[in-house]
Structure formats: C-alpha cells, structure tokens
Amino acid sequence: MLLQVENLKTYFHTPRGIAKAVDGVSFSVEKGETRAIVGESGCGKSITALSLLQLVPEPAGYIESGRILFEGKDLLDRTWEQMREVRGDDISMIFQEPMTSLNPVYTVGWQIEETMRAHGKNAATARARALELLDRVGIKDPSGALRQYPHELSGGMRQRVMISIALANRPKLLVADEPTTALDVTVQAQILALIRELQKETGMAVLLITHDLGIVAEVADTVSVMYAGQVVEDAPTRELFKNPRHPYTRGLFASLPARNRRGQDLATLEGVVPDSAAWPKGCRFADRCKYAWESCHTIAPTFHPNGSDRPVRCHLYDPNISGRPSRLPWLTELPVTADLVEAAKL
C-alpha cells in the first residue's frame, strides 16, 4: 500500500466555533492506482489534499487527529523540515489555479529548476531536466518557455508548467486538485491524457480531487464520494457508475445531462452543504435527501454493510435502524448513469 489515510480530522478555528472541515476521512491509494475524491464545493476535498502534505493554513487550521501512512510511515510524525523533503519529491501536488501557484516574478525555468535544486540536483542537471519536461508536456518551444514569465503563457500552458514542476523529481504520488479547472474542453482532454500517459510511463499513483464525474469516468480506478467532511461511499469506478448506492451519489448522477433524458428538466439537489461549524446531529445529508425519515435526523449513520467492499454511510443499508424501508426505494427506478457508463466504456 502506497498511501493509507485513517480517520483524518482537520479542523479550523473560526468566529463561529470549530469548523470540522475534514471529519474522520479514510481511504487508500495503491501503487500505480488513480483514486478520485468527488463531491460538491465545501465538502472537504481540497482540505483533505492539503492535509496530506501538511499545507493546511495555520494558525487557524490544524490536523486534530488521524494517521497518514505513506509507505508505512506516518507523515504526521514528521517535522516541518522533514516534510519539505517529501513535498515535491515523493509526493507532488498540482493546485487548482496555476496563476496563483506560480510566482509571477520568476521565470518558468527558474521555478521548475528550483524544485529539483531543493532536492539536491545540480544546476546543469536541473536545466536539462526542465527542458525535457517542457518538451514532454507538449510545449513547442521549451527553451523559449524557460525564459518566459507565467503571465506570458496561456492557461493551458501554465497548467502544463505546473505538471512539469510536479513531475520534476519523479514522484511516487501525484495529488491533482481540480487540475483542469477553468480550461476549455480541448485543453482539458489534453491535460488528462498527458497525466495518464506519464502515469503509465513512471508508475506513479494519482489522487484526483474533482467535482466532474466525466473526468472520474475517464481516468479513475476507484472513487471516494465526500459529503460534509466525510466519505459517504467508496467503490471501484465501474461499480459506482453502474450502481451508485448513496442518495447523495445518485443525486450527483441524476443532475447530469443524458441522451436518454432529452427534453426533461435536469434533476437538482435542493439545499446546500451544512455549516462545518455546526454539523447536524444525524445524517448530514438528511435535510436534502428525499428518502430521509425520523432516524436520519437523530442518529449519525456509519458505513454499512459492515465489512463490505462497497460500504455506504446511509441508514438505508443498516437493518438495525428503526423505520428503515423494507426495500430500497430506487430498486424499480431506471439507471440514471447509462450514458456515462457507455461513454466511459465501463
């Protein structure tokens, strides 16, 4: 196992009290695997990614508890200086917006090379590797690009530079936080194809943070669905797309346009993610769930079925909860994901 996250809790001090942005998240990533974490904005996806590298903004943010095992060693036991040896080397990260991640006063070449120099490469080796990387990510004039500043590049080229920086030291794990945000669909497809190709060549694992189920269908092996700071469903991609079980997951799929529903209004998930400083006592999705009953508002659900390879955090799968329907309410419904399954060739 390359990465094992166990019961991770990342909190923030706020004027409203303690905001429990990540509240007991667990998942794993195998060597060479691509795991996607999906969910709405405000569900804790990006904070989970930042927690892995201890980049949560301080002093407001802090990791309350949990374990982050990388190759069997807990990263939370490492000091700040020890984590600097991990960041950009064993684990690299592509951030959401390259224009805010790249330094505007340094050239592209300096920023790529600095990543390697920080981990012991000499100047000549770093320059040669930077040229190789820019060429590898599809920039037509690598030597010219090395001398340019971030504002002189297009959004797609800046994202390619970010990928070059992330891959400079051949990491074992790449954390990609919304790597195609604000890019047009053509560039988005190119970036995703590039990450897949490089992954096959190097054998690195990828942790993909996204809200786009189309991207998940295309690149992910396994999926963790997050809602309100928790993982509510965890499954292989093929199984999740063919049979989403949690009402929140089904709501996400139902809100997507599909050929078999032309002329129909898109389904919507009414309401918003609850305040992380005041999570509900029971199920955090209960106020938005059309299947909720009294127990959902008073008892916090745990993963069921116990020990299953497809656990779901929902009372519908817990036979010990009072008021549970005798059969799942969507068993007679038509699949909502047929088009996506077909498109992704799952």
Side-chain angles (χ1 to χ4, degrees), residues 1-13 19-35 37 44-98 100-103 106 110-122 125-126 129 133 161-179 195 199 202-209 224 226 229:
M1 187 69 66
L2 182 66
L3 177 72
Q4 182 79 35
V5 178
E6 299 178 354
N7 200 29
L8 177 65
K9 297 183 179 182
T10 304
Y11 296 168
F12 289 83
H13 295 287
K20 299 179 179 180
V22 177
D23 197 19
V25 166
S26 299
F27 61 88
S28 62
V29 184
E30 300 276 2
K31 293 180 180 179
E33 175 189 2
T34 296
R35 173 174 288 274
I37 299 181
K45 306 186 303 298
S46 293
I47 298 301
T48 298
L50 292 174
S51 299
L52 299 183
L53 291 170
Q54 296 189 32
L55 292 175
V56 177
E58 297 179 341
Y62 61 99
I63 296 176
E64 170 68 17
S65 62
R67 296 204 303 168
I68 303 173
L69 302 176
F70 183 75
E71 295 186 320
K73 297 180 180 178
D74 194 348
L75 295 181
L76 297 182
D77 290 337
R78 300 198 178 205
T79 65
W80 179 262
E81 289 301 319
Q82 289 172 332
M83 280 304 299
R84 290 190 66 183
E85 298 175 5
V86 175
R87 299 188 199 103
D89 192 19
D90 289 330
I91 305 176
S92 288
M93 186 166 180
I94 302 174
F95 295 91
Q96 283 193 36
E97 176 48 61
T100 59
S101 302
L102 296 171
N103 194 318
Y106 290 103
W110 188 95
Q111 295 185 63
I112 299 174
E113 293 165 29
E114 191 271 342
T115 302
M116 290 176 275
R117 292 194 302 269
H119 292 281
K121 303 293 192 302
N122 60 47
T125 300
R129 174 70 172 154
L133 286 164
V161 170
M162 285 294 299
I163 293 174
S164 297
I165 294 173
L167 298 178
N169 292 308
R170 297 179 174 87
K172 298 174 183 176
L173 173 65
L174 175 66
V175 181
D177 187 3
E178 302 280 7
I195 292 175
Q199 183 181 15
T202 63
M204 70 179 177
V206 175
L207 180 63
L208 176 66
I209 311 298
S224 296
M226 278 192 72

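- Using a 4.0 Å cut-off between a side-chain N of Lys or Arg and a carboxylate O of Asp or Glu, R67 and E6 qualify as a salt bridge.
- A donor-acceptor pair is defined here as one N or O able to donate and one able to accept, closer than 3.5 Å; no such pair exists between the side chain of R170 and the backbone of T202.
- Taking each heavy atom of R35 and S28 in turn, the nearest pair found is NE-O, 2.6 Å.
- Taking CD1 of I163 as the reference point, atom CD1 of I112 lies at 11.0 Å (rounded to 0.5 Å).
- F95 has its side chain within reach of L50: a pair of non-hydrogen atoms, C-beta onward, lies under 4.5 Å apart.
- Looking at residues two or more places apart in sequence or on another chain, you find no side chain to side chain donor-acceptor pair (under 3.5 Å) involving T48.
- A donor-acceptor pair under 3.5 Å is formed between the side chain of H119 and the backbone N or O of R87.
- Side chains of R129 and M116 form a contact here, defined as non-hydrogen atoms less than 4.5 Å apart.
- Within the 4.5 Å cutoff, side-chain heavy atoms of K73 are placed close to those of R78.
- The minimum heavy-atom distance linking G24 with N7 is given by the pair CA-OD1, 3.2 Å.
- Residues L55 and M83 have side chains not in contact (no heavy-atom distance under 4.5 Å, counting atoms from C-beta outward).
- Checking side-chain atoms of R117 against main-chain N and O of A126 turns up no donor-acceptor pair under 3.5 Å.
- Between the S92 side chain and the L174 main chain, no donor and acceptor come within less than 3.5 Å of each other.
- Taken to the nearest 0.5 Å, the CD atom of Q4 stands 9.0 Å off from the CZ atom of F27.
- Side-chain atoms of D74 come within 3.5 Å of backbone atoms of I68 as a donor-acceptor pair (strictly under, hydrogens ignored).
- Atom CH2 of W80 sits about 13.5 Å away from atom CD of E85, to the nearest 0.5 Å.
- The line from CG of L167 to OG1 of T115 is 10.5 Å long, rounded to the nearest 0.5 Å.
- In plain terms, the two heavy atoms of I94 and A166 that are nearest each other are CG1-CB, 3.9 Å.
- One finds the OG atom of S224 at 11.5 Å from the CG atom of L208 (value rounded to the nearest 0.5 Å).
- A pairwise comparison of heavy atoms in K45 and I37 identifies CD-O, 3.6 Å as the closest pair.
- The two atoms that bring S164 and L133 nearest to each other are O-CD1, 3.4 Å, heavy atoms only.
- Closest approach of V56 to S51, counting heavy atoms only: CG2-OG, 3.5 Å.
- Between the side chain of Q199 and the main chain of M204, a donor-acceptor pair closer than 3.5 Å is present.
- With rounding to the nearest 0.5 angstrom, the CG atom of L2 is 10.5 Å from the CG atom of L207.
- Two residues are said to be in side-chain contact when any heavy atoms from C-beta on lie closer than 4.5 Å; L75 and L52 fail this criterion.
- Counting only heavy atoms from C-beta outward, the side chains of T10 and Y62 never approach each other to under 4.5 Å.
- When atom types are taken as modelled, the side chain of Q111 and the backbone of Y106 share a donor-acceptor pair closer than 3.5 angstrom.
- Looking at L3 and L173, their side chains come closer than 4.5 Å, going by heavy atoms from C-beta outward.
- Remark: K172 engages E71 in a salt bridge, criterion side-chain N to carboxylate O under 4.0 Å.
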